[in-house]
Amino acid sequence: MTIDNSDNSTPNTNTSTDFIRAIINEDNLAGKHAGRVQTRFPPEPNGYLHIGHAKSICLNFGIARDYDGLCNLRFDDTNPSKEDVEYVDSIMEDIRWLGFNWGDRLFYASDYFQQIYDWAVQLIKAGKAYVCELTADQVRETRGTLTAPGTNSPYRDRPIAENLDLFERMKNGEFPDGSKTLRAKIDMASPNLNMRDPVMYRILRATHHRTGDTWCIYPTYDFTHGQCDSIERITHSICTLEFENHRPLYDWYIRELGIFAPRQIEFARLNLTFTVMSKRFLLQLVKDGFVSGWDDPRMPTLCGVRRRGYTPEALRDFCATIGVSKVDSTVDIALLEHCLRNDLNKRANRVMGVLRPLKVIIDNYPEGEVEQMEAINNPEDASAGTRLVPFSRELYIEQDDFREAPPKKYHRLAPGQEVRLRYAYLVRCTNVVKNPTTGEVVEVHCTYDPATRGGNTPDGRKVKGTIHWVSAAEALPVEVRLYDRLFTKANPYDVPEGVDFKTNLNPNSLERLTNCFVEPSLRGAAPGSRCQFERLGYFCVDPDSTADRLVFNRTVSLVDSWAKIEKKG
RNA sequence: UACCCGGUGGUGUAAUGGUAACACAAGGGAUUUUGGUUCCCUCGUUCAAGGUUCGAAUCCUUGCCGGGUAGCCA
């Protein structure tokens, strides 16, 4: 076993202070909360976490860590029609995998349903809320538009006692779904549409994944989130930009209720080139069968990139590198890949593997002889040691590493040309055997120089090309899956009016290679193990592997400077 | 064109009234038993116009451009 799967964390040295930390510093300087800092990560359990969530997780938990504070995990489960324990479980697993810990501070908005109900009653008693019997359509019609004020609901000035009675009967299930709502009495002419008598409670008969059928009325996000933050004594409630217009409402509820006031701060969500980062669209890819599931290695979900072989360290480094701001921006996926290579380069052991095999026969090497060649496991880490790789007369090399008619500057194997077989011998191509009908080269014949064992050149001669190989008899047959971007456009949403974003899906995003070979040291490698196939990229053992057949996912390719040279000619 | 938010190299992020910088990308070179890694170099930036100031990316005004908001979703 030569591969390294350790979890040696690379501490993030980014010391820049983002605008959120600037606000917290200000608050601390002003003596707010006596310097206490508490944040929370509040996912709705209606889908799987993705790289965008990683940004939020790193932010919230990172701030708590930096300020000796705490970060809670809270499920924002106020809409039972979309939520499920399947998502709750996956979310917890993914956060842990990313390397964060919420300790004993696991909460659910549904934990607070009774308290939130009591607060609604309090607002009714204060004349700040009323039961409205307008239908959803009528509410929309009377809300006004972006430029025109709304009109008051005819139920707006109902007596308090009647509101109290009706609201209790809503809770008791006396009215059908959607027939009544509880609304805050604010201002139907407010330029901020969120302040035009927003709905606080709706009647919704759905079995909640935690509270079952205890409730048939559920509070909306707006009438829930701030109060949950308040209950948990969150000092800084960090959310994404689309909630900016909700902040006045967030503050209004807190103020009217007279409870602990957290501060909501908004930041820009993450966009990545060639990537769709929306639960709704990701769900479509899963449901329509474009991918094998939420954990398909092409998905930007945390379980997907985990299966692909991404490391939590690389993801954290990425999140630290992209920073935090309020600017709508799209990060180049190349930066994420850089972070990955940067991490993997230090920790992934090198092994030799051949994706598209080409038979090589060393004519002057004794038949039946096997030599064990010593190979370095990781040139970036001497403590990784060495291993032995069997060498023999018949080998496989990469098809790419042989050209019958080599282009300029091609340093690998070609008729008459000499290359180094890594850790083995220098060989020179003498002739080739072709398939008589297709003309394709099926076998390359070489002679080796016995004086160059280990790849050394005692006479000091220079060989520009060093290629990898496996011994045909000893090599392990494996399957390898290569992945390309899921979308062909940097912005997958960039489609003409009325056209589905899925037209931008890349039909070649998955390539299965079933005829691959790796060196025998990989026998028995565990799913999740990572390694670098020299010159081919970083790979990770897929859970689809069986006891006698390994399946590898290519995590990310290596930087390929030869491709650029060849392209230029 | 109601309100809110934003605008710094190709991309992302710093500089918070005092020399515009870091990373990625791109281009070039050195080293290399991975065309990897590492190292060096190059490229290129404050949306615009006014104003305040000894001094403005930063503060003010106006304009321009981009995003968000009319769920009983979050």
Side-chain angles (χ1 to χ4, degrees), chain A residues 14-19 22 42-44 46 76-79 81-82 132 134-136 139-141 143-150 177-183 190-196 198-204 217-218 220-222 224-225 239-248 266 268 273 279-280 320-339 341-342 345-346 350 352 375-376 379-380 409-412 420-424 426 454-457 463-468 532-537 558-566:
Chain A
N14 189 333
T15 53
S16 69
T17 300
D18 56 61
F19 78 99
E44 184 190 13
N46 68 342
D76 219 331
D77 54 352
T78 58
N79 184 1
S81 63
K82 291 185 175 179
C132 181
L134 257 23
T135 64
V139 168
R140 189 182 322 117
E141 283 157 17
R143 183 155 31 224
T145 67
L146 294 176
T147 51
D177 284 10
S179 61
K180 291 181 175 51
T181 55
L182 183 70
R183 291 226 259 165
S190 171
N192 182 340
L193 299 249
N194 292 120
M195 301 299 272
R196 319 243 264 225
V199 169
M200 297 161 59
Y201 266 92
R202 72 274 210 189
I203 306 174
L204 176 61
I217 58 171
Y218 291 94
T220 57
Y221 164 86
D222 285 312
T224 304
H225 204 94
C239 63
T240 43
L241 247 27
E242 68 268 29
F243 293 107
E244 219 162 17
N245 295 334
H246 293 241
R247 179 152 32 97
E266 308 86 11
T273 55
K279 282 190 215 172
R280 202 179 110 233
T321 304
I322 59 176
V324 183
S325 73
K326 297 187 70 162
V327 187
D328 282 300
S329 59
T330 302
V331 176
D332 192 338
I333 188 95
L335 180 58
L336 175 58
E337 291 172 347
H338 162 81
C339 292
R341 293 190 187 103
N342 190 37
N345 176 52
K346 288 176 292 194
R350 274 56 168 174
M352 292 196 283
I376 293 165
E380 309 298 320
K409 294 182 186 165
Y410 185 80
H411 299 152
R412 283 113 94 172
R420 173 186 291 112
L421 294 176
R422 184 144 219 227
Y423 301 126
L426 266 55
N456 302 307
T457 50
V463 187
K464 277 190 172 167
T466 299
I467 66 176
H468 58 276
Q532 183 199 97
F533 290 172
E534 289 190 272
R535 304 200 22 244
L536 298 176
L558 259 32
V559 172
D560 185 0
S561 46
W562 163 243
K564 289 176 204 162
I565 295 168
E566 190 178 27

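Numbered from 1 within each chain, the chains take letters A, B, ... in sequence-line order.
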Worksheet item: For A:Leu335, which contact category applies under a 4.0 Å heavy-atom criterion: base, sugar-phosphate, or nothing?
Response: sugar-phosphate

Discussion item. In this structure, how many angstroms lie between the P atom of B:C4 and the CG atom of A:Leu146, rounded?
Written reply: 13 Å

Discussion item. Heavy atoms only, 4.0 Å cut-off, all strands: where does A:Tyr201 land among base, sugar-phosphate and nothing?
Written reply: nothing

Discussion item. Whether the A:Ser190 and A:Asn192 side chains hold a donor-acceptor pair (N or O, under 3.5 Å, no angle test) is what I'd like checked.
Written reply: no

Discussion item. Taking B:A57 as the reference, what is the distance to B:U46 when you measure between their C1' atoms (whole Å, please)?
Written reply: 5 Å

Worksheet item: With a 4.0 Å cut-off on heavy atoms, is A:Lys180 in touch with a base, just the backbone sugar-phosphate, or nothing at all?
Response: nothing

Discussion item. On the nucleotide B:G36, are OP1 or OP2 found under 4.0 Å from the side-chain N or O atoms that A:Arg350 carries?
Written reply: no

Response to the item:
If pairing means Watson-Crick or G-U wobble with both distances under 3.5 Å, then the partner of B:G6 is B:C65

Worksheet entry | Quiz item: A:Arg412 side-chain donor-acceptor pair to B:G35 base, under 3.5 Å | yes

Discussion item. Is the phosphate of B:A70 approached by A:Thr145 (side-chain N or O, under 4.0 Å from OP1 or OP2)?
Written reply: no

Item to complete: Kindly indicate whether the side chain of A:Glu380 and the base of B:G36 share any N or O donor-acceptor pair separated by less than 3.5 Å?
Response: yes

Worksheet entry | Shortest side-chain distance from A:Arg143, nucleotide among B:U69, B:G71, B:G12 | B:G71

Item to complete: Searching all strands shown, indicate the nucleotide that pairs with B:G55 (Watson-Crick or G-U wobble; both distances under 3.5 Å).
Response: none

Worksheet item: Which of these nucleotides, B:C72, B:A2, B:A74, is closest to any side-chain atom of A:Thr147?
Response: B:A2

Worksheet item: With a non-hydrogen cut-off below 4.0 angstrom, is A:Asn46 in contact with a base, only sugar-phosphate, or nothing?
Response: nothing

Worksheet item: Counting only side-chain N and O atoms of A:Arg280, is one of them less than 4.0 Å from OP1 or OP2 of B:A74?
Response: no

Item to complete: Among B:U34, B:G67, B:U13, find the nucleotide with the atom closest to the side chain of A:Val327.
Response: B:U13

Response to the item:
With syn defined as a glycosidic angle within 90 degrees of 0 and anti as anything else, the base of B:G36 is anti

Worksheet item: Should the ring pair A:His246 and A:Phe243 be called parallel, tilted or perpendicular, given that the plane angle runs from 0 to 90° and is split at 30 and 60?
Response: perpendicular

Item to complete: Compare all side-chain heavy atoms of A:Thr220 with those of A:His225 and state whether any distance is below 4.5 angstrom.
Response: no

Discussion item. If I pick the C1' atom on B:U62 and the same atom on B:U19, what distance separates them, to the nearest angstrom?
Written reply: 31 Å

Response to the item:
From CZ of A:Arg140 across to P of B:C73 the rounded distance in Å is 12 Å

Item to complete: Describe the nucleic acid contact of A:Leu134 in one word from base, sugar-phosphate, nothing, applying a heavy-atom distance below 4.0 Å.
Response: base

Discussion item. For B:A74 and A:Arg202 - does any side-chain N or O of the residue sit under 4.0 Å from the phosphate oxygens OP1/OP2?
Written reply: yes

Fill in: Most 5' of A:Asn342 and A:Ala268 on RNA chain B, judged by nearest nucleotide
A:Ala268

Discussion item. Only pairs with both distances under 3.5 Å count, Watson-Crick or wobble alike; so what is the partner of B:U42 in this structure?
Written reply: B:A26

Response to the item:
Which of B:A74, B:C72, B:A14 is nearest the side chain of A:Asp18? It is B:A14

Item to complete: For nucleotides B:G36 and B:U69, find the distance between their C1' atoms and express it as a whole number of Å.
Response: 49 Å

Worksheet item: To the side chain of A:Glu244, which of B:G35, B:C5, B:A26 is closest?
Response: B:C5

Response to the item:
Rounded to whole Å, CZ of A:Arg341 lies from P of B:U34 at a distance of 18 Å

Worksheet item: Between A:Thr466 and B:G35, is there a side-chain N or O to OP1/OP2 distance below 4.0 Å?
Response: no

Worksheet item: Counting side-chain heavy atoms from C-beta on, which of B:C5, B:G35, B:C72 comes nearest to A:Thr220?
Response: B:C72

Discussion item. Would A:Glu244 and A:Lys326 count as a salt bridge (charged side-chain N to carboxylate O under 4.0 Å, His left out) here? Give the steps.
Written reply: CA-CA 11 Å; A:Glu244 219 162 17; A:Lys326 297 187 70 162; 2.5 Å; yes

Discussion item. Using a 4.0 Å heavy-atom cut-off, does A:Phe533 contact any base of the nucleic acid, only the sugar-phosphate backbone, or nothing at all?
Written reply: nothing

Item to complete: Go through A:Lys82 and A:Glu44 one step at a time and tell me if the salt bridge (charged side-chain N to carboxylate O under 4.0 Å, His left out) criterion holds.
Response: CA-CA 9 Å; A:Lys82 291 185 175 179; A:Glu44 184 190 13; 5.8 Å; no

Practice prompt. Give a yes/no answer on whether the side chain of A:Ser561 brings an N or O atom under 4.0 Å of OP1 or OP2 in B:G36.
Written response: yes

Discussion item. Which nucleotide, if any, forms a Watson-Crick or G-U wobble pair with B:A14, using both distances under 3.5 Å?
Written reply: none

Item to complete: Report the nucleotide, chosen from B:G12, B:G35, B:G36, that has the shortest atom-to-atom distance to any side-chain atom of A:Trp562.
Response: B:G35

Worksheet item: Hey, does A:Tyr423 reach any base, or is it just sugar-phosphate, or nothing, if we go heavy atoms under 4.0 Å?
Response: base

Worksheet item: Looking at the side chain of A:Thr181, which of B:U11, B:U38, B:C72 is the nearest nucleotide?
Response: B:C72

Fill in: Counter-base of B:A20, judged by Watson-Crick or G-U geometry with both distances under 3.5 Å
none

Worksheet item: Is there a donor and acceptor pair closer than 3.5 Å between the side chain of A:Glu242 and the base of B:U69?
Response: no

Practice prompt. Could you check whether A:His246 gets within reach of a base, just the sugar-phosphate, or nothing at all, counting any heavy atom under 4.0 Å?
Written response: base

Worksheet item: With distance as the sole test, does A:Arg196 use its side chain to make a donor-acceptor pair with the main-chain N or O of A:Arg143 at under 3.5 Å?
Response: yes

Worksheet item: Looking only at atom C1', what distance separates B:G67 and B:U1, rounded to whole Å?
Response: 15 Å

Fill in: Nucleotide B:U13, atom P - distance to NZ of A:Lys326 in whole Å
14 Å

Fill in: Close side-chain approach of A:Leu193 and A:Asn245, heavy atoms under 4.5 Å
no

Discussion item. Please classify the nucleic acid contact of A:Val324 as base, sugar-phosphate, or nothing, using heavy-atom distances under 4.0 Å.
Written reply: sugar-phosphate

Response to the item:
Heavy-atom nearest nucleotide on RNA chain B taken for A:Ser325 and for A:Lys464; more 5' hit belongs to A:Ser325

Worksheet item: What's the spacing between A:Asp560 CG and A:Leu536 CG if we round to 0.5 Å?
Response: 10.0 Å

Worksheet item: A:Lys464 pairs by side-chain contact (heavy atoms from CB on, under 4.5 Å) with which of A:His411, A:Arg420, A:Lys409, A:Arg412?
Response: A:His411

Worksheet item: Going by ring centres under 5.5 Å and near-parallel planes (under 30°), is A:His338 stacked on B:A23?
Response: no

Practice prompt. Would you indicate what A:Pro248 reaches in the nucleic acid, counting non-hydrogen atoms under 4.0 angstrom: base, sugar-phosphate, or nothing?
Written response: nothing

Worksheet item: Quick one: is B:C73 close enough that its OP1 or OP2 comes under 4.0 Å of any side-chain N or O from A:Ser81?
Response: no

Discussion item. Under 4.0 Å, counting only non-hydrogen atoms across every strand here, what does A:Ile565 touch: a base, just sugar-phosphate, or nothing?
Written reply: base

Discussion item. Give me the distance, rounded to whole Å, that separates B:U32 from B:A26 when you measure between the C1' atoms they each carry.
Written reply: 23 Å

Fill in: Closest nucleotide among B:G36, B:C5, B:G68 to the A:Asn245 side chain
B:G68

Practice prompt. Sticking with atom C1', work out how far B:C24 lies from B:C43, rounded to a whole angstrom.
Written response: 14 Å

Item to complete: State whether A:Arg535 places a side-chain N or O below 4.0 Å from either non-bridging phosphate oxygen (OP1 or OP2) of B:U32.
Response: no

Worksheet entry | Flag, side chain of A:Thr273 to backbone of A:Ile333, donor-acceptor distance under 3.5 Å | yes

Discussion item. Categorize A:Thr457 for me: base, sugar-phosphate, or nothing, with a 4.0 angstrom heavy-atom threshold over every strand shown.
Written reply: nothing

